[in-house]
Asker: 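What follows is a single structure, and I will ask about it in a moment.
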Protein chains: 2
Amino acid sequence: MRPTVNDIAKAAGVSLATVDRVLNARSGVTEKTVQRVNAAIDQLGYVRDVTAANLARQRRYRLAFVLPEAPELFVATLREALSEAGRSSAADRTEIRTLSFPAGNPHALVRTLRTLNAGNTDGVAIFAPETPHVRDAIARLKSDGVPIVALVSDLPSTGRDHFVGIDNIAGGRTAGFLMGKFHGKSGGSVMVLVSSMQARDNVERRLGFDQVMAESFPEIEVLPSLESHDDEEITARVVSEVLDARPDLTGIYSVGHGSRALVEVLRTHHRARQLTIVAHELTSVTREALRSGVIDAVVSQDVGHVVRSALRVLRAKSDGVGIVPAQERIRIEIVVRENLS
Amino acid sequence: MRPTVNDIAKAAGVSLATVDRVLNARSGVTEKTVQRVNAAIDQLGYVRDVTAANLARQRRYRLAFVLPEAPELFVATLREALSEAGRSSAADRTEIRTLSFPAGNPHALVRTLRTLNAGNTDGVAIFAPETPHVRDAIARLKSDGVPIVALVSDLPSTGRDHFVGIDNIAGGRTAGFLMGKFHGKSGGSVMVLVSSMQARDNVERRLGFDQVMAESFPEIEVLPSLESHDDEEITARVVSEVLDARPDLTGIYSVGHGSRALVEVLRTHHRARQLTIVAHELTSVTREALRSGVIDAVVSQDVGHVVRSALRVLRAKSDGVGIVPAQERIRIEIVVRENLS
DNA sequence: TTGTAGGCGTTATCAG
DNA sequence: CTGATAACGCCTACAA
C-alpha cells in the first residue's frame, strides 16, 4: 500500500494541513517542521496521488486550438485528431475549443485571437503563418499570461512557449535521403513543389532537402521551387509543363501539406510510373496514392501525437511546471506502401 | 461545470446509491427507476469522472511482464521502456513486476510462470517463444482467470487474449520494399540472416520479405536463411563466408532482434559500403550503424508504445471492458540516417 | 428496492 | 505558524 499524506502526517507528528503546505511549497511553516516532514516523505517513499490532487483542486484546463480553414487535407486530419482527443479530454479535466480562421487572412486570425484572454483561456495552440499582425496578437496574449504553443509550423519570433511538430529541416533531409536512395544512380533532375515560400515549414523542408541532395546525391539536379499556393489549377499546369519541358525529370518532391492536385495529375500522366515521388503528410489522398504506387514515400508526423503533446505542454505551462522534452519530440515518420497503417 | 452523480440523483429524484447502481449496471433497481435515471443521465449529458471512480474504488492493477534474459540489445530497450513506464505507473494505480527467464530455457520460463496466479496478479505480458510447455503454463493462468497478452512475438496457440507488436509479415514486407528500392536495378543477390527459425516473428518477417521480393523485385535473388542463433561468432563466420563466396551479393537483410555481430563484421569489411543493409529494431547498435552509414534502414517498433499498449490492454481485460483496437495497433516504423530521433 | 453515511487521497478554508 | 474540518466526485457497506 502506498503511503498517503495521512501516513506522513502521523510519521512527522504534524497535521494534514502542514504536510500539504510543505508538499506544495507554501509559506508559513517553520524550517524545522519542513525538515521533519520532508524526512518522513522520503523515508516512507511518498509520491502524491495526482488524480486525487486534481480532484480536490477542481482544476480545469480551458484550451483553445486556432486552425486555418484551409483546403489541405492535412488540416482536416489535424481537426479529426483534435476532436478525437476531445472525446477523452473530460478525463483530463480539459476543455478543448477549436477556433478557425480563413487561411491567408491574417486580419481574421487576429480578430479570432482577440476573443481570447486570460479570463477565458488557460492556453492556446496555434497553427498559422508568421506575420507581424499575428506576432502582436500573440505578444498580447502572452503578456496577459496565457501560454502559447506553435503547431506544425514554428513561430519563433512571437516568443511562443513551445513548438510542437517535427524538425522540418530534418523532415526535408529525410525526404531528400529517400529521393536519392529510391532514385538509382542515373543522374536526372528533381522538381520541387512548395505550397508557399511564406510558410516557414515549407522553407525549412526545402533547405534540408537541398542539404542532403548536395551532400549525398550531387549527380541529381534539383530544380528551383515552384509555388502552387495550394491551388489545384496552378499545380496541374505547372507540373504538366515541367514534365513536358524536362524529359530528364526523374522525381518530384512535394513539400507542402497538400498533394491532391499533384496526385491527380500523376494519376493520368504516362511518365508518372518512372518518377520517384516523395510527399509530406499522410492523408486519405497520399494514403491512396501510396497504395496505388503513384507516390513512393511520405514523410509524415502523427497528428494524434501532435495534438496530445500540445495538450500536455499547455497544461504543464499553465501549471508552471516543467515538461519532459524527450517525451514531446514529434517523430519524423516514413510511410511507404508496405507499412501503411 | 460538468454534471455529477449528485445532479442526476436530484434530477431523477433518487439517491446517490441508486444512481450508482444503474451507472454500474448492478441489480436491485426497478426497471422504472432505471429509466428515470438514464433519462436524467443523457438529458444532463453526464459522463462519469473515471479518476474519481478509481479513487473511490481503490482499484490496483498488479501486472507482470515476463521477458527473456537475452543478449540482444532489443530486449534491453524493452526493459528500459518498461522501467520508464514503471516510473509513471503509480498515477495509473498500476504495479509493474518484471520477471526474467534465461533465453532458450522453457523449463525456467514455466517455473517462472508457475509463481503467478489470480491471487497475486491481475495480468501478464509475455515475450517468449511458442513451445508446448509455455502453452500449458499459459493455459493454466488463463483458466485461473488471469488475462494474458503476447509481446512482440505472437503466441496464437496459447489462446492469449491479445497480441501487442507489429504485424511481422508486414514488417518483413516493409524490409523487402526498402531493400528492393534502395538496391538499384542491377540484379544481384540478397543474404537473409535470421536469429532462429523457431521464433515465430522471424519466420513471419522472412515470409513477408519473400513475398515482396518475388512480387516486385524478381530480378534480385534471395538466398536461403542463415541461422545465427544470436551467436556472435557464428554470425561473423557465416557473413564473411557468404561475402567471399558470392561476389554478386548486393544486400543483407537481418531479420532478428540483434544486429551487433553483423554490424561488427561490416564495419571492417571492404565491401560493406556497396551493400544495402536492412535490419530490425532500433537499439544503440543499429542507431550508431545508421549514423555511420553501415546500415541503410531499420524497420522498428516503438518499445514505449508496445509497453503502454500492453498496460492498457491488460487493465482493460482485467476490468472486463473492451479495448479500442485502432489505438492498440503498433506502427511499423522506418528509420534511416536522417530521421534518427 | 432504496437510502444513509463514511471513505478514497488530496486541497482549502477558517479558526486557534 | 499550525490544526480541524469540509469539500472534490464517486463507490460501498449497512440499514431501512
Side-chain angles (χ1 to χ4, degrees), chain A residues 1-38 40-41 44-61 88-95 318-321, chain B residues 1-41 44-61 88-95 319-321:
Chain A
M1 221 59 195
R2 258 168 63 188
T4 75
V5 274
N6 276 293
D7 298 325
I8 79 163
K10 221 162 287 172
V14 297
S15 79
L16 247 45
T18 303
V19 173
D20 185 70
R21 285 193 257 271
V22 348
L23 233 39
N24 295 291
R26 269 181 287 241
S27 59
V29 188
T30 329
E31 184 53 29
K32 241 182 119 109
T33 352
V34 174
Q35 305 266 326
R36 270 224 314 285
V37 173
N38 276 326
I41 284 177
L44 299 192
Y46 167 84
V47 300
R48 73 127 74 46
D49 183 327
V50 196
T51 63
N54 282 335
L55 177 59
R57 215 192 290 259
Q58 287 252 88
R59 184 75 164 92
R60 314 248 151 176
Y61 302 89
S88 59
S89 68
D92 310 337
R93 312 183 161 274
T94 301
E95 294 154 22
S318 165
D319 284 342
V321 306
Chain B
M1 222 62 194
R2 260 169 60 190
T4 76
V5 273
N6 276 292
D7 298 326
I8 79 162
K10 221 162 289 170
V14 296
S15 80
L16 252 42
T18 303
V19 173
D20 185 73
R21 284 192 258 269
V22 348
L23 235 37
N24 294 292
R26 270 181 288 246
S27 58
V29 188
T30 327
E31 184 53 29
K32 238 181 122 110
T33 5
V34 173
Q35 306 266 324
R36 270 225 312 287
V37 172
N38 276 327
I41 285 179
L44 299 191
Y46 169 84
V47 300
R48 71 126 77 45
D49 183 329
V50 196
T51 63
N54 282 335
L55 177 59
R57 217 189 288 257
Q58 286 237 96
R59 184 75 164 90
R60 314 244 152 183
Y61 302 90
S88 58
S89 67
D92 312 338
R93 318 188 156 268
T94 301
E95 294 155 23
D319 284 343
V321 307

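All heavy atoms count here, side chains included; hydrogens, waters and symmetry mates do not. Here is the naming used below: chain letters follow the sequence lines, and residue numbers restart at 1 for every chain.
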Asker: Closer than 4.0 Å, any side-chain N/O of A:Ser15 to the OP1 or OP2 of D:dG3?
Answerer: yes
Asker: How long is the straight-line distance from CZ of B:Arg36 back to CD1 of B:Ile8, given to the nearest 0.5 Å?
Answerer: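 If we round to the nearest 0.5 Å, B:Ile8:CD1 and B:Arg36:CZ are 11.5 Å apart.
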Asker: Would you classify A:Ala17 as touching base, sugar-phosphate or nothing, given that sugar-phosphate means primed atoms plus P, OP1 and OP2, and contacts are heavy atoms under 4.0 Å?
Answerer: base
Asker: What is the distance, rounded to the nearest whole Å, between atom CD of B:Gln58 and atom P of D:dG9?
Answerer: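 Rounded to whole Å, this separation is 19 Å.
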Asker: When the C1' atoms of the five terminal pairs at each end define the local axes, what inter-axis angle does the helix from C:dT1-D:dA16 to C:dG16-D:dC1 show, to 10 degrees?
Answerer: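 Rounded to the nearest 10 degrees, the bend comes out at 40°.
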Asker: Please determine whether any donor N or O and acceptor N or O are separated by less than 3.5 Å between the side chain of A:Arg57 and the base of C:dG9.
Answerer: no
Asker: Take atom CZ of B:Arg48 and atom C1' of D:dG9, then tell me their distance rounded to the nearest Å.
Answerer: 11 Å
Asker: Taking atom P of D:dT5 as reference, at what distance in whole Å does atom CG of A:Asp20 sit?
Answerer: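 Going from A:Asp20 (CG) to D:dT5 (P), I get 17 Å.
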Asker: Please test B:Val50 against B:Asn54 for side-chain contact (heavy atoms from CB on, under 4.5 Å), starting from the C-alpha separation and ending with a verdict.
Answerer: CA-CA 6 Å; B:Val50 196; B:Asn54 282 335; 3.9 Å; yes
Asker: Rounding to a whole Å, what distance do you find between B:Asp49:CG and D:dC8:C1'?
Answerer: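 Atom CG in B:Asp49 sits about 9 Å away from atom C1' in D:dC8.
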Asker: Once hydrogens and angles are ignored, does a donor-acceptor distance under 3.5 Å link the base of D:dG3 to the side chain of A:Arg21?
Answerer: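 Yes.
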Asker: Check whether any side-chain N or O of A:Arg26 sits under 4.0 Å from OP1 or OP2 of C:dA12, and answer yes or no.
Answerer: yes
Asker: Could you tell me whether B:Asn24 contacts a base, only the sugar-phosphate backbone, or nothing, with contacts defined as non-hydrogen atoms closer than 4.0 Å?
Answerer: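 Contact class for B:Asn24: sugar-phosphate only.
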Asker: How far does OG1 of A:Thr4 sit from NZ of A:Lys10, to the nearest 0.5 angstrom?
Answerer: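 Rounded to the nearest 0.5 Å, the OG1-NZ separation comes out at 7.5 Å.
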Asker: For A:Lys32 and D:dT2, give me the distance from atom NZ to atom P, rounded to whole Å.
Answerer: 11 Å
Asker: Would you kindly compare B:Thr33 and B:Leu55 by the position of their nearest DNA chain C nucleotide and give the one closer to the 5′ end?
Answerer: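 Looking at DNA chain C, the more 5' nearest nucleotide goes with B:Thr33.
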